Protein chains: 2
Amino acid sequence: MSDRLPPLTALRAFEAAARHLSFQNAADELAVTPAALSYQIKNLEAHLGAPLFTRLNRAVALTEAGKTLLPGTSDGFEQLRAAWRATQRLTDDTKLTITAGPAFTAKWLAPRMFRFAQANPDIEMRFAATLKVMDFTRDDVDVAIRFGLGGDEGYYSEPLLRGWLTPMMTPTLAEGVKTAEDLAKLPLIHDDSMTFLKRVPNWGEWFAAAGLPDVDTSHGLRFSQADHAVDAALEGAGVVLGRLSVTERYLGNGRLVAPFALSLTTPAHYRFVCPAGTETRPAVKRFHDWIYGEMAEIDHFAEGRDIRMIE
Amino acid sequence: MSDRLPPLTALRAFEAAARHLSFQNAADELAVTPAALSYQIKNLEAHLGAPLFTRLNRAVALTEAGKTLLPGTSDGFEQLRAAWRATQRLTDDTKLTITAGPAFTAKWLAPRMFRFAQANPDIEMRFAATLKVMDFTRDDVDVAIRFGLGGDEGYYSEPLLRGWLTPMMTPTLAEGVKTAEDLAKLPLIHDDSMTFLKRVPNWGEWFAAAGLPDVDTSHGLRFSQADHAVDAALEGAGVVLGRLSVTERYLGNGRLVAPFALSLTTPAHYRFVCPAGTETRPAVKRFHDWIYGEMAEIDHFAEGRDIRMIE
DNA sequence: ATGGTCGCTTAAATATACCTTAAGTGAACC
DNA sequence: GGTTCACTTAAGGTATATTTAAGCGACCAT
């Protein structure tokens with residue numbers, strides 16, 4: 001018994017036929033006549049030495065052998081298709097798929113995207129806003145903006161921005177706030193999305209850094225996504241420990257203020273990530289250069305800040 | 001850009017060439033001339049619209065596109081090969097691969113196998129003695145003898161034998177043992193292999209069932225595999241809580257005795273397991289019938305026993 | 001019950017894809 | 001500087017895949 005593969009066209013014909021349980025439909029899918037399919041199946045059955053389908057009245061059903069063969073071939077062809085698609089994408093500079101977290105997408109990327117799109121009308125953008133770990137090949141993604149330490153083998157990964165977090169609130173709310181003790185009396189807005197870090201930059205950490213380790217930070221509102229926490233602060237619902245990347249536009253237009261110089265930062269940053277080698281693709285390069293240009297414009301918000309690393 | 005697959009022979013040629021980084025060697029593997037390979041690669045590159053290899057002096061190297069394409073295609077073809085092999089095995093009744101735990105293989109299967117082999121000289125047997133969970137398709141296994149509750153979807157699973165465990169020792173050692181209290185003074189041999197059960201049938205359970213919950217069972221010898229524990233008991237090293245399936249031959253020939261009627265059993269049993277539908281394959285059926293016949297011959301060891309379920 | 005339809009099969013003809021042979025290129029090695 | 005090695009190219013042949021057309025049997029509707 002040889003462990004070589006049978007003719008691949010026959011295998012592909014089988015996969016389609018078994019999936020549809022109909023030679024007719026499978027033939028349509030492969031854009032051939034039913035006769036061709038019948039011939040291919042017969043050929044494959046001859047190679048195997050046993051039938052793969054039982055021919056019924058006016059339908060076909062899988063034999064045990066067919067049932068054994070189907071899942072593996074389906075998965076196998078799907079993998080081939082995915083690999084081919086990923087390779088095609090490399091040479092296609094008319095589409096670019098970017099994945100980032102929901103907060104970064106909503107508060108940073110989305111408001112700016114039209115500028116990139118206007119400057120690059122030949123590139124069709126797609127966004128996948130999720131915190132899920134994506135597989136570049138499997139999920140058809142070109143670029144990821146991810147929060148992390150970098151250093152993963154096989155990826156190009158460059159820090160985007162040294163971010164930091166500091167108390168932020170509406171100007172109205174800020175009027176009565178002079179000291180850290182004043183802050184603790186306001187409703188605290190908590191962002192619970194950073195669950196994957198060992199030591200999370202939260203209200204407890206900030207008050208500890210401010211010399212008030214015993215402040216009770218358990219009260220207030222909790223959000224599972226950073227952009228929702230910021231939205232609450234915009235409504236004047238309280239004070240949020242806001243991250244630069246999702247608040248800079250409100251700091252810029254005055255809807256939020258950050259009266260304390262004391263800020264927290266972490267060893268992890270937002271990073272620009274793509275498969276190693278693809279950073280030179282024209283579309284990727286253009287997006288890369290654009291995003292770093294945009295980032296440079298928000299650097300000045302760090303001036304005069306007292307930024308403390310927590311780890 | 002179509003998301004259909006490129007010509008499959010071209011893809012296969014690429015996979016081999018990329019793996020070898022040599023068209024020559026790839027051509028040998030596929031049993032064609034180098035010219036054919038060159039043609040196929042060129043064809044695939046034309047489909048993609050970009051080169052997959054960079055042609056060097058007298059070698060080839062993968063481009064970024066090639067590096068992207070290789071892993072997926074390799075995995076894909078490997079999956080197709082595995083599925084085909086598994087299907088071929090269904091129609092091949094000259095080989096039978098059985099997996100079972102090390103103890104069951106050593107103490108039950110191995111000593112009896114020659115009888116099956118003599119009665120079925122046309123079947124070539126292979127054994128995989130491991131506790132690892134095997135995948136029938138991926139690991140090329142036909143039949144598994146596994147300890148468990150059964151009920152898994154997609155598998156034929158039939159209880160082999162209602163096993164039980166009871167204190168066993170050499171006849172010499174047994175001379176001074178009249179009561180359970182006597183037992184506790186002997187070296188206890190522990191079998192630590194049943195780690196996957198919630199409640200393990202161990203010495204603590206047995207003494208508790210015997211009405212002696214406070215016996216200290218921490219002393220003695222510990223083994224990570226049941227057959228080694230039994231071997232120690234055969235040497236007279238102590239008393240083991242022996243499982244019927246791995247000791248019946250010694251109970252039969254008198255090398256071990258089991259003086260207490262009190263025995264433990266669990267909801268889980270040894271089971272005969274194979275992919276659903278394959279239980280009717282001639283080679284599988286013959287092995288199935290043989291093993292149940294053999295099992296019937298050790299049923300009489302249960303006579304007069306006081307078997308208690310633990311769960 | 002019976003003729004029409006549907007889905008698979010078969011056989012012969014045809015088209016396409018694949019492979020081989022043979023000649024050719026360029027760089028590396030001796 | 002000639003030889004070798006690995007890939008390339010082109011032409012021609014062969015094997016493989018596909019179509020066309022005819023056929024078969026069972027279901028279904030009349």
Side-chain angles (χ1 to χ4, degrees), chain A residues 2 4-63 65-67 69-70 73 77 80 84, chain B residues 2 4-63 65-67 69-70 73 77 80 84:
Chain A
S2 93
R4 297 190 80 77
L5 281 166
L8 291 169
T9 39
L11 249 196
R12 185 176 36 181
F14 164 79
E15 195 273 334
R19 194 153 28 77
H20 289 115
L21 284 179
S22 154
F23 289 13
Q24 189 86 277
N25 298 352
D28 290 347
E29 177 181 315
L30 299 175
V32 296
T33 57
L37 233 111
S38 179
Y39 170 87
Q40 291 294 349
I41 301 294
K42 212 175 106 184
N43 182 231
L44 192 62
E45 291 178 328
H47 266 266
L48 181 63
L52 289 161
F53 292 94
T54 49
R55 275 69 171 177
L56 301 172
N57 322 339
R58 49 205 297 183
V60 289
L62 286 167
T63 61
K67 283 183 201 160
L69 186 55
L70 175 60
T73 44
F77 282 118
L80 294 180
W84 184 246
Chain B
S2 91
R4 298 191 79 77
L5 281 166
L8 291 169
T9 40
L11 249 196
R12 185 176 37 181
F14 163 79
E15 195 272 334
R19 193 154 28 79
H20 288 117
L21 285 178
S22 155
F23 289 12
Q24 189 85 278
N25 297 352
D28 289 347
E29 176 181 315
L30 298 175
V32 295
T33 56
L37 234 110
S38 180
Y39 168 86
Q40 291 294 349
I41 301 294
K42 210 176 108 187
N43 181 230
L44 193 63
E45 289 177 328
H47 267 265
L48 181 63
L52 289 161
F53 292 95
T54 50
R55 275 69 170 179
L56 303 172
N57 321 341
R58 48 208 296 181
V60 289
L62 286 168
T63 62
K67 282 184 202 159
L69 186 55
L70 175 59
T73 44
F77 282 118
L80 293 181
W84 184 246

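Note that this is a predicted model, so its numbers are computed, not measured. Within every chain, numbering begins at 1; the chains are lettered A, B, ... in the order of the sequence lines, protein sequences first and strands thereafter.
Sorted by first and then second residue, the pairs that involve residues 13-22 of chain A and meet salt bridge (charged side-chain N to carboxylate O under 4.0 Å, His left out), not counting sequence neighbours, are A:E15-A:R19, A:R19-A:E29.
Minimum atom distance to the side chain of B:V60 is reached by D:dC7, of the listed C:dT10, D:dC7, D:dT8. In this structure, of D:dT19, D:dC7, C:dT9, it is D:dC7 that holds the atom nearest to the side chain of B:F23. Which of C:dT10, D:dT18, C:dT20 sits closest to the side chain of B:V32 comes down to C:dT20.
Counting to the nearest Å, the C1' atom of C:dC6 and the CD atom of A:Q24 are 8 Å from each other. Following rounding to the nearest Å, B:L44 (CG) and D:dC7 (P) show an atom-to-atom distance of 17 Å. Regarding B:E29, its CD atom lies at a distance of 14 Å from the P atom of C:dC19, rounded to whole Å. Following rounding to the nearest Å, A:D28 (CG) and C:dG7 (P) show an atom-to-atom distance of 10 Å.
Of the possible donor and acceptor atoms, one in the side chain of B:T73 sits under 3.5 Å from a partner among the backbone N and O of B:L69. Under the 3.5 Å distance criterion, the side-chain polar atoms of A:T63 are matched with a main-chain donor or acceptor of A:L52.
For A:Q40, the side-chain hydrogen bond (donor to acceptor under 3.5 Å, both in side chains) criterion is met by no residue, not counting sequence neighbours.
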Short heteroatom pairs, N/O only, protein and nucleotides 11-17 of chain D, under 3.5 Å:
residue	atom	partner	partner atom	Å
D:dA17	OP1	A:T9	OG1	2.6

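Closest approach of B:L8 to B:F77, counting heavy atoms only: O-CZ, 4.1 Å.
Checked options A:N43, A:L37, A:L48, A:I41; the residue passing with A:F14 is A:I41 (criterion: side chain to side chain contact (heavy atoms under 4.5 Å, CB included)).
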